[in-house]
Asker: 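Just dropping this structure here.
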Amino acid sequence: MKNSLIVANWKSNFTSAQAVSWLEEFAKEYSPNENKKVILCPNFILLPSVSDYIKNSNIEVALGAQDVSPFEKGAYTGEVPASLLKSYVEFSVIGHSERRENFHEDEDMLKQKVSMAAASGVTPIYCVSNEDMIIPMGATIVAYEPLSAIGTGNPDSPERANEIAGKIKERNINVSQILYGGSVTSDNVKSFIQMDNIDGVLVGSASLNASGFLQIVQNA
Ligand code: PGA
């Protein structure tokens, strides 16, 4: 059985209390599996409380941020540098299409984000929406998320996702794992995970419901 990464991207959702309820519900039925690494990505403001909760309750999941500053600590108002994130997370999503589109993040900035994350020991999960996008050298985990599939209920076909993932691996020798993202559900997760070139999934909407996400982990 291959090792898969199952990533929950909560985006800009949940108060602390809602995040704790999610974790309580998830923990009731969750049993860790060494072949499936679960990574939760709450928004920045939730990270300390979610991190405390999972440590105190011994829930075996990893944490990821949804973004990272392209700069070190210092005079960068509003930014959260990798050196501070490192206390809470192992991973950070970088270059999600919602950030590229809404915050005009370009290749140069994303390269800088990858390098800041890697320098602090935070592993980037670098998002691309096609096989032609440039992937910085420091990114070893890539999430392939076609724009037409994000939040639409219209996932890519597993065969096509596998083909694109294969091309990304061929063209980028630094990339060791590729996740598929875009309308992943408990019904379709297995069809992606079982593809040769796909090493996990990045789940948005369907991760907001704890029992639904648990079902995705179980079915993966
Ligand atoms: P979705 O989002 O699962 O709601 O399609 C995926 C993502 O944006 O990472």
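Atoms within a ligand are numbered from 1 in the order they appear, just like the ligands themselves. Nothing here was measured: the structure is a model prediction, and the numbers come from that model.
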Asker: For ligand 1, which atoms, with element, lie under 4.0 Å from some heavy atom of Lys11?
Answerer: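 This gives 2 (O), 7 (C), 8 (O) as the contact atoms.
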
Asker: Could you tell me how the ring of Trp22 sits relative to the ring of Phe26: parallel (under 30°), tilted (30 to 60°) or perpendicular (over 60°)?
Answerer: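 If you compare the ring of Trp22 with that of Phe26, the planes turn out parallel.
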
Asker: Pull out every atom of ligand 1 sitting under 4.0 Å from any heavy atom of Asn9, numbered as shown with elements.
Answerer: 9 (O)

Asker: Could you check whether Glu105 pairs with Arg99 (Lys NZ or Arg NE/NH1/NH2 to Asp/Glu carboxylate O, under 4.0 Å)?
Answerer: yes

Asker: Might you point out which heavy atoms bring Asn197 and Gly166 nearest each other, and give the distance in Å?
Answerer: ND2-CA, 3.3 Å

Asker: Show which atoms of ligand 1 fall inside a sub-4.0 Å distance from at least one heavy-atom site of Gly151.
Answerer: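 Once the distances to Gly151 are compared, the set is 1 (P), 4 (O), 5 (O).
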
Asker: Testing Val61, Ile39, Ile193 for side chain to side chain contact (heavy atoms under 4.5 Å, CB included) with Ile6, which one passes?
Answerer: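 It is Ile193, the one option of Val61, Ile39, Ile193 that forms the side chain to side chain contact (heavy atoms under 4.5 Å, CB included) with Ile6.
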
Asker: How far is atom 9 (O) of ligand 1 from the closest protein heavy atom, and which atom is that?
Answerer: Glu145 OE2, 2.7 Å

Asker: With respect to atom 4 (O) of ligand 1, which of Ala143, Ser205, Pro146, Gly182 exhibits the smallest heavy-atom separation?
Answerer: Ser205

Asker: Output yes when Lys111 and Glu107 qualify as a salt bridge under the 4.0 Å nitrogen-oxygen rule, no when they do not.
Answerer: no

Asker: With heavy atoms only and a cut-off of under 4.0 Å, state how Ile150 meets ligand 1: side chain, backbone, both or neither.
Answerer: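 For Ile150, backbone and side-chain atoms both sit under 4.0 Å from ligand 1.
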
Asker: Please determine if Lys36 and Glu60 form a salt bridge, counting it only when a charged side-chain N lies under 4.0 Å from a carboxylate O.
Answerer: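 No, no charged N to carboxylate O under 4.0 Å.
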
Asker: Considering non-hydrogen atoms of the protein only, which is the closest contact for atom 3 (O) of ligand 1, and what is the distance?
Answerer: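 Of the protein heavy atoms, Gly204 N, 2.8 Å lies nearest.
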
Asker: Below 4.0 angstrom from a heavy atom of Ala149, which ligand 1 atoms are there? Numbered from 1 as shown, please.
Answerer: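 Those atoms are 5 (O).
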
